[in-house]
Amino acid sequence: MPALLDVRAVTRSFYGVAALRGVTLAVEAGRITGLIGPNGAGKTTLFNCVSGLVPPDSGRIVFDNADITGARPDFIAQRGLVRTFQIARGFPRLTVLEHLLLHGPAQPGEKLSVALLRTGAMKEREAELYARAIEIARRLELTRVLDNTAAELSGGQKKLLEIGRALMAEPKMLLLDEPIAGVNPTLARAIGERLRELAADGITILLIEHQMDAIARLCDHVIVLAEGRTLIEDSFAALAENPLVQEAYMGRRKWAS
Amino acid sequence: MENYLIAMAVSAGLYALMALGLNVIWGMAGQVNLGLVGFFAVGAYVSALLTLKLGAPIAAGVVAGALAAAAVGAVVSLVTARLRGDYLAIVTLGFAETIRIVASNEIWLTNGTDGLSGIPGPFRAALTPEQFNLFYLCLVAALVIVVFALIDRLAHAPFGRVLRAIRDDEQATAVAGKYPLAFKVKAFAFGSAALGLSGALYAHYTSYIAPDLFLPLLTLYIKLALLAGGVGNNRGAVLGAVVVVTFLESTRFLVPLIPGLSHVQGAALREFIISAALIVTLRLRPQGLLPEARMHPVLEKEK
């Protein structure tokens with residue numbers, strides 16, 4: 001079975017600083033894959049390249065059998081590859097409900113003419129999206145804050161909203177950038193359980209995370225990035241023992257040799 | 001005096017149309033536009049020239065004026081697609097000045113700084129000046145209601161929701177699967193149409209337009225109207241326009257009552273009072289008289 005997301009030799013530099021020096025990785029469908037690596041390894045830059053925010057300098061990115069290298073972010077999202085942001089980047093003045101509705105696909109009312117005419121198709125789709133938003137809010141325990149603006153949410157609620165709005169898009173695959181960083185352990189566990197449920201529903205997940213216990217608990221497979229390259233990939237248990245990974249995170253033992 | 005009040009009400013209506021247009025561009029989509037008077041002038045000149053030189057019916061001229069302003073708005077927003085904030089402000093300011101300078105110099109078309117006179121008004125010949133004023137007030141009021149209703153529909157539609165998302169974070173909107181540029185161009189064009197409509201109505205009302213009527217000060221008055229009324233609130237846009245026109249006109253009468261001021265000093269004092277009023281408004285009520293609604297439900301049950 002071919003990989004759902006296939007990244008080949010992707011490079012990207014910023015003003016001469018090479019952030020990605022040829023990343024090659026494949027994410028198989030239906031799994032939770034972890035993407036780890038020390039700070040500056042290029043994890044977020046890779047997400048930016050894959051989601052279309054930053055076009056890669058070279059290399060090729062294939063998602064669901066379509067070449068999406070350098071495509072526009074809205075196009076990639078519409079194809080079912082949806083990302084979240086590390087620092088929950090909501091729309092501060094939109095309510096939680098509006099966030100969720102905004103991410104619903106195929107709303108004809110986003111056309112100027114349809115919006116002016118208030119067609120039946122627009123209202124019908126809005127009612128569907130509304131029902132879906134209510135359901136997602138219930139699953140993520142955001143029901144009580146539906147009418148709050150994003151600016152009024154706690155850090156943990158913002159993280160949940162990130163996942164909620166990604167779900168509204170009916171994705172095939174989620175790119176989650178630190179979905180549990182900075183939230184309390186109880187909530188982190190709860191978010192982890194939600195992610196497990198999503199994977200069980202058939203959504204493929206690639207997630208960046210620094211909390212190794214979460215990676216160990218959630219991920220079927222782990223890819224390690226270091227200095228803009230794919231270092232190694234394996235199950236978490238095997239990687240934890242691997243001296244290459246330890247070196248990438250902790251540095252080399254000078255006195256060893 | 002009655003005639004004067006009606007003329008002021010007409011001008012408040014024209015200001016309201018512009019403030020509503022600005023509310024789409026700036027209030028909803030967050031695009032700075034300091035070139036309002038340029039779009040207003042495009043609408044005025046297109047409608048005036050079509051009716052004067054080609055003998056087009058006034059209604060056709062007005063519609064063409066609004067459409068021309070919309071087209072120019074679309075072009076301006078495409079050209080400035082990569083600019084934001086202060087940079088967009090400077091370019092739009094320059095755009096309005098360019099329109100004015102072109103109107104001053106293309107004498108073969110616009111009659112230069114002498115301006116265009118004798119622009120026809122609807123039923124002007126058949127009505128007394130008083131009746132014409134009253135008729136025009138009704139016309140402008142009806143159009144304010146229509147434009148208000150249309151823009152309020154946009155605000156309570158998924159289209160408006162995307163605009164407000166772009167206003168907060170353009171990149172995150174793109175990741176949500178929307179193409180921000182398309183929305184920004186549409187918002188800019190739609191808002192510019194309201195500005196052009198206002199300009200065309202102005203031309204047919206006063207029957208005379210000239211480049212020096214289209215100064216940046218008008219842009220600032222409209223911006224002031226929307227700020228005072230409430231950015232992002234359509235009712236606020238209309239209320240703000242009425243407040244600004246009332247303020248501008250009442251100071252015209254009140255300032256000369258202050259003893260010991262020369263005419264020139266009085267005029268300067270008016271400008272000063274208006275600026276001070278803006279600062280006081282922003283200091284005491286930054287969200288405006290009628291703040292933006294917290295949410296914009298598309299369906300009843302979303303409330």
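None of these values were measured; they are calculated from a predicted model. A note on names: the letters A, B, ... follow the listed sequences, proteins ahead of strands, and every chain is numbered from 1.
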In this structure, are over 12 heavy atoms from other groups packed under 6.0 Å from [X] atom [atom1]?
X        : atom1 : answer
B:Tyr87  : OH    : no
A:Glu141 : CD    : no
B:Arg285 : CZ    : yes
A:Arg132 : CZ    : yes
A:Asp201 : CG    : yes
A:Arg194 : CZ    : yes
A:Glu124 : CD    : no

*Top contributor to chain A interface from B:Gly232, B:Ala174, B:Ala176 [non-hydrogen pairs under 4.5 Å]*: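 Of B:Gly232, B:Ala174, B:Ala176, B:Ala174 has the most heavy-atom pairs under 4.5 Å with chain A.
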*Pick from B:Val175, B:Thr173, B:Val162 with the largest number of heavy-atom pairs that fall under 4.5 Å of chain A*: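 Result: the option with the highest number of such pairs is B:Val175.
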Less than 4.5 Å apart, any side-chain heavy atom of [X] and any of [Y]?
X        : Y        : value
B:Pro158 : A:Met122 : yes
B:Arg164 : A:Arg93  : no
A:Phe85  : B:Asp169 : no
B:Phe159 : A:Lys111 : no
A:Glu126 : B:Arg161 : yes

Heavy-atom pairs under 4.5 Å with chain B are the metric here; pick the option from [options] that has the most.
options                      : answer
A:Leu112, A:Leu94, A:Val82   : A:Leu112
A:Gln78, A:Glu98, A:Arg79    : A:Glu98
A:Val114, A:Leu146, A:Leu101 : A:Leu101

_Donor-acceptor contact below 3.5 Å, side chain A:Arg118 vs main chain B:Leu154_ =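 No.
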*asked:* Between B:Leu299 and A:Lys123, does the side chain to side chain contact (heavy atoms under 4.5 Å, CB included) criterion hold? Intermediate values first, please.
replied: CA-CA 7 Å; B:Leu299 303 175; A:Lys123 290 186 203 164; 3.9 Å; yes
Interchain contact, [X] with chain B, by part (heavy-atom threshold 4.5 Å):
X        : answer
A:Ala127 : both
A:Arg72  : side chain
A:Ser51  : neither
A:Leu117 : backbone

*Take B:Lys186 and A:Glu110 through the test salt bridge (charged side-chain N to carboxylate O under 4.0 Å, His left out) and record every step on the way to the result.*
CA-CA 11 Å; B:Lys186 284 180 196 169; A:Glu110 284 171 6; over 6 Å; no
What is the minimum heavy-atom distance between [X] and [Y], and which atoms define it?
X        : Y        : answer
B:Ala157 : A:Gly109 : CB-O, 4.5 Å
A:Thr95  : B:Met295 : CG2-CB, 4.0 Å
B:Lys178 : A:Gly104 : NZ-O, 3.4 Å
A:Phe91  : B:Ala165 : CD2-O, 3.3 Å

*Mind checking the CG-CZ spacing from A:Leu116 to B:Phe190? Nearest 0.5 Å is all I need.*
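These two atoms lie 5.0 Å from each other.
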*Just how far is it from atom CD of B:Gln171 to atom CG of A:Leu53, taken to the nearest 0.5 Å?*
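So the CD of B:Gln171 and the CG of A:Leu53 are separated by 4.5 Å.
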